[in-house]
Amino acid sequence: MIMALQIGGMAFFVSLGVTGFARLGGLGDVPDHRSSHARLTPTAGGLGLVAGIGAAILTAGLFYADSLLAQPGSTEKLATLMSLAFGVSFLGLLDDRYVLPSKLKFGLLLISCALAADALGSVTMLPFRGDHIYLLWWSGLAGTILWLFTVTNGVNFMDGINGLFGLSMAIASGALCLLAIKVSAPVTALLTGTLCAALLGFLPYNLRPKAAVFSGDCGSLSVAFLYAGSVLFLVHEQPELRLLYAGPLLILPLLTDVLITLLRKPLKGIGLLEPHNTHIYQRWSRHRGGHVSVTLIYGAMMLIMAGLVHFSFGNGTLGSLSGLALLSGLFACLYIMRSATLPR
């Protein structure tokens, strides 16, 4: 308990403090045609998130390595994942400052995801109805890279209104941390608990009707990248493959919005890499309830998914691929129905 309070407290207070200083100046997000806000807002909040996460992981490595990093190879894997995450955060910082070409940004992210998949190990089996589906090595590697790349970019796409990214990922990370504690996966618990605490330190500045600071790509890309990597860490620490589905289920409301929006873009004549503001959450916030109310609704959906994941893990149904497909279809139908009622 003392160890958790020290590491979590380090992440929270460093994030809270650095974000507070970051909002006083630095990079700013100038509103344009695709923005969901109307005034210049600092985007350096991601520096607070990265500082909080880094300080907490460093504290754990210096003082609690024997208990948290006892599994062979865990230190090397964690160091590689954190190094890549800092690289991703720097890429996001450059994009916040200079607006990098989309192809360059996505190409570098893809390389980072491939390196993470190689370091953490690719998924070679999927649980299905009490048995396993075996994957060819190349399909397992491609699927692992796709998971990292999809989550990293998808969560970043959802960072468009006040508080939505921070609250949603705090809930998902906290739920994954509790699951990791249940199955005795210390590195995953460290990573996700640190993410949750750092995000809670960031939210007081961001979850407001008028946000004082945004996370920017620096924050959202690095948090999403670490979350996706934590899911891989979980199944390698505890080779109980049904845990693999916990990762996508916990962020299913976010992934559903992203995937439906991407499928709709070509129908509207919008390029896949072209910036836009047609996500359902963006249209909903403009025409229905404002930023905070929409964020709280998404937060409620995230809490529901967290409860379902922990309940299904307890009764042994978490590894059902059919259950995952059913939940995905249900959320897709709800989003499509909601989207049909919103102005363009």
Side-chain angles (χ1 to χ4, degrees), residues 1-22 44-90 93 112 115-116 119-121 166 169-205 215 218-219 221-240 243 246-247:
M1 178 62 72
I2 294 177
M3 176 178 65
L5 289 174
Q6 288 178 335
I7 296 173
M10 178 68 73
F12 175 82
F13 286 110
V14 171
S15 177
L16 184 71
V18 175
T19 302
F21 282 109
L47 295 176
L49 286 169
V50 173
I53 294 166
I57 297 298
L58 181 61
T59 299
L62 290 175
F63 299 104
Y64 300 108
D66 291 342
S67 55
L68 293 175
L69 303 173
Q71 189 174 20
S74 59
T75 301
E76 292 77 9
K77 289 181 179 180
L78 179 60
T80 301
L81 181 62
M82 291 304 301
S83 298
L84 290 170
F86 287 133
V88 167
S89 70
F90 182 68
L93 187 64
S112 299
L115 292 173
L120 298 177
M169 292 309 295
I171 293 171
S173 299
L176 194 60
C177 177
L178 292 177
L179 192 61
I181 292 172
K182 282 184 180 180
V183 299
S184 300
V187 179
T188 306
L190 169 65
L191 281 169
T192 51
T194 296
L195 287 179
C196 182
L199 286 163
L200 291 176
F202 164 76
L203 278 175
Y205 305 105
S215 71
C218 173
L221 287 175
S222 55
V223 167
F225 183 81
L226 284 172
Y227 175 85
S230 297
V231 175
L232 298 177
F233 236 119
L234 178 59
V235 296
H236 289 301
E237 279 193 287
Q238 289 294 334
E240 192 173 348
L243 294 170

How long is the span from the CG atom in L200 to the CD1 atom in I171, to the nearest 0.5 Å? 9.5 Å

Minimum side-chain heavy-atom gap L176-L191 below 4.5 Å: no

Measure across Q238 and A185 and return the closest heavy-atom pair with its distance rounded to 0.1 Å. CG-CB, 4.2 Å

Are the side chains of L49 and S215 in touch, meaning some heavy atoms are under 4.5 Å apart? yes

All heavy atoms of T192 vs all of S173, minimum pair found to be CB-O, 3.4 Å

Nearest 0.5 Å please: distance from the CG atom of L221 over to the CZ atom of F90. 13.5 Å

In short, L179 meets A246 closest at the heavy-atom pair CD2-CB, 3.6 Å

First locate atom OG of S184, then atom CD of E237, and finally report the distance between them rounded to the nearest 0.5 Å. 9.5 Å

Minimum heavy-atom separation for L195 to V223, with atom names? CD1-O, 4.1 Å

At their closest point, which heavy atom of L84 faces which heavy atom of S112, and how far apart are they? CD1-O, 3.9 Å

Within the 4.5 Å heavy-atom criterion, are L68 and V187 side-chain neighbours or not? no

So CZ of F86 and OG of S83: to nearest 0.5 Å the spacing works out to 7.5 Å

Between S15 (side chain only) and F12 (backbone N and O only), is there a donor and an acceptor less than 3.5 Å apart? no

Side chains of L93 and L47: does their closest heavy-atom pair fall under 4.5 Å? yes

Between the main-chain N or O of L234 and the side-chain N or O of T188, is there a donor-acceptor pair closer than 3.5 Å? yes

Locate the shortest heavy-atom distance separating A189 from I181; write the atom from each residue and the value. CB-CG1, 4.0 Å

Spell out, as yes or no, whether a donor-acceptor pair under 3.5 Å connects the side chain of Y205 to the backbone of L16. yes

Would you call L78 and L190 a side-chain contact if the rule is heavy atoms closer than 4.5 Å? yes

Are any of the side-chain heavy atoms of M10 and L58 separated by less than 4.5 Å? no

